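All values derive from a computational prediction rather than experimental measurement.
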Amino acid sequence: MDVTLHLAQQPDADELLGRSPLAALVGMLLDQQIPMEWAFAGPYAIAQRMGADDLDAHEIAAYDPDAFAAILSTKPAVHRYPGSMAKRIQQLCQYLVEHYDGNAAALWEDVDSGAELLKRLKALPGFGTQKAQIFLALLGKQLGVRPEGWREAAGAYGEPESFRSVADITGPESLAQVRAHKQEMKAAAKAAKASGK
């Protein structure tokens, strides 16, 4: 895995996401209740604050929880909820250490099918169905991880050029398209709620 992603819209942060499976997973975990670029810049900020070139699941899993929360809370904070996200990142890393010897890429390296990969992603702490499908689509569309049936397992996010999620963002133009789609979805949900459906 060594591609350049364009999710943080910051060259150093995007370079890390493209070469580090753990950084990509952590970025996906952080991608809630904050702007996407902020979430995907998070892994780079964490690595920098830990004095490292990359994230290490073993190191993060074993880190003192209060000290790790402080790393995320230091201004500018890595997330709107740095304390709870620090806990989630540590839980994710502990799970990876326990099940995959700390190697995030092992989640998909020997997988036989999209359905199996989706099952593995959904088992991760902090990954519900939607987050797992979006990450699966990102793996398939941009990182070349394409087990049989990956598009189907990713659901609507797997559709070519659907511009529904981070899986389709390759630069500023596609970022704008994904933003527009999300705003349409929010407006539709609001309208449905208002009409009592």
Checklist entry - How long is the gap from CG on Leu136 to CH2 on Trp150, to the nearest 0.5 Å? => result 8.0 Å
Item to check | Beyond-backbone contact of Leu7 with Asp31, side-chain heavy atoms, under 4.5 angstrom | outcome: no
Next on the checklist: Do Trp38 and Leu5 land in one hydrophobic cluster if side-chain heavy atoms of ILVMFWY residues count as linked below 4.5 Å?
Outcome noted: no
Next on the checklist: Could you check whether any side-chain heavy atom of Glu116 comes within less than 4.5 Å of a side-chain heavy atom of Arg120, counting everything from C-beta outward?
Outcome noted: yes
Item to check | Beyond-backbone contact of Leu22 with Cys93, side-chain heavy atoms, under 4.5 angstrom | outcome: yes
Checklist entry - Any donor-acceptor pair under 3.5 Å linking the side chain of Asp64 with the backbone of Asp66? => result yes
Item to check | SB check Arg19 Asp53 (cutoff 4.0 Å) | outcome: no
Checklist entry - Are Ile46 and Tyr95 connected, step by step, through hydrophobic side chains (Ile, Leu, Val, Met, Phe, Trp, Tyr) whose heavy atoms are closer than 4.5 Å? => result yes
Checklist entry - Does CG belonging to Asp112 count more than 12 external heavy atoms closer than 6.0 Å? => result no
Item to check | 4.5 Å side-chain heavy-atom contact, Met85 and Val78 | outcome: no
Checklist outcome for this item: Output for pair (Met28 CE, Leu92 CG), nearest 0.5 Å, gives 12.0 Å
Item to check | Between CH2 on residue Trp108 and CG on residue Leu143, distance to nearest 0.5 Å | outcome: 7.5 Å
Checklist entry - Would you say the side chain of Asp101 lies within less than 4.5 Å of the side chain of His58, judging by non-hydrogen atoms? => result yes
Checklist entry - Would you say Leu124 and Val97 are hydrophobically clustered, going by side-chain heavy atoms of ILVMFWY under 4.5 Å? => result no
Next on the checklist: With a 4.5 Å cut-off on side-chain heavy atoms, are Met50 and Phe68 touching?
Outcome noted: yes
Checklist entry - Does Lys141 use its side chain to pair, donor to acceptor, with the backbone of Glu159 at less than 3.5 Å? => result yes
Checklist entry - Is it the case that one hydrophobic cluster holds both Leu138 and Ile34, taking links as side-chain heavy atoms less than 4.5 Å apart, direct or via other members? => result no
Item to check | Atom pair CG (Asp12) and CG (Leu17), whose distance is rounded to the nearest 0.5 Å | outcome: 11.0 Å
Checklist entry - Looking only at atom types and distance, does a side-chain atom of Ser162 sit under 3.5 Å from a main-chain N or O of Gly158, one as donor and one as acceptor? => result no
Checklist outcome for this item: d(Ile71 CD1, Ile89 CD1) to nearest 0.5 Å is 10.0 Å
Next on the checklist: Nearest 0.5 Å, please: how far is CG in Leu25 from CG in Leu30?
Outcome noted: 11.0 Å
Next on the checklist: Donor-acceptor pair, distance only, cut-off 3.5 Å: does the side chain of Arg88 make one with the backbone of Leu29?
Outcome noted: no
Next on the checklist: Testing the 3.5 Å rule here: is there a donor-acceptor pair between the side chains of Tyr157 and Gln130?
Outcome noted: yes
Checklist entry - Just wondering, do His79 and Gln32 contact through their side chains at under 4.5 Å, heavy atoms? => result yes
Checklist entry - Which class fits the ring pair Phe127 and Phe135: parallel under 30°, tilted 30 to 60°, perpendicular over 60°? => result perpendicular
Next on the checklist: Quick check on the hydrophobic clustering: are Val26 and Tyr81 connected, directly or via other members, by side-chain heavy-atom contacts under 4.5 Å?
Outcome noted: no
Item to check | Exceeds 12 heavy-atom contacts within 6.0 angstrom, atom CD of Glu148 | outcome: no
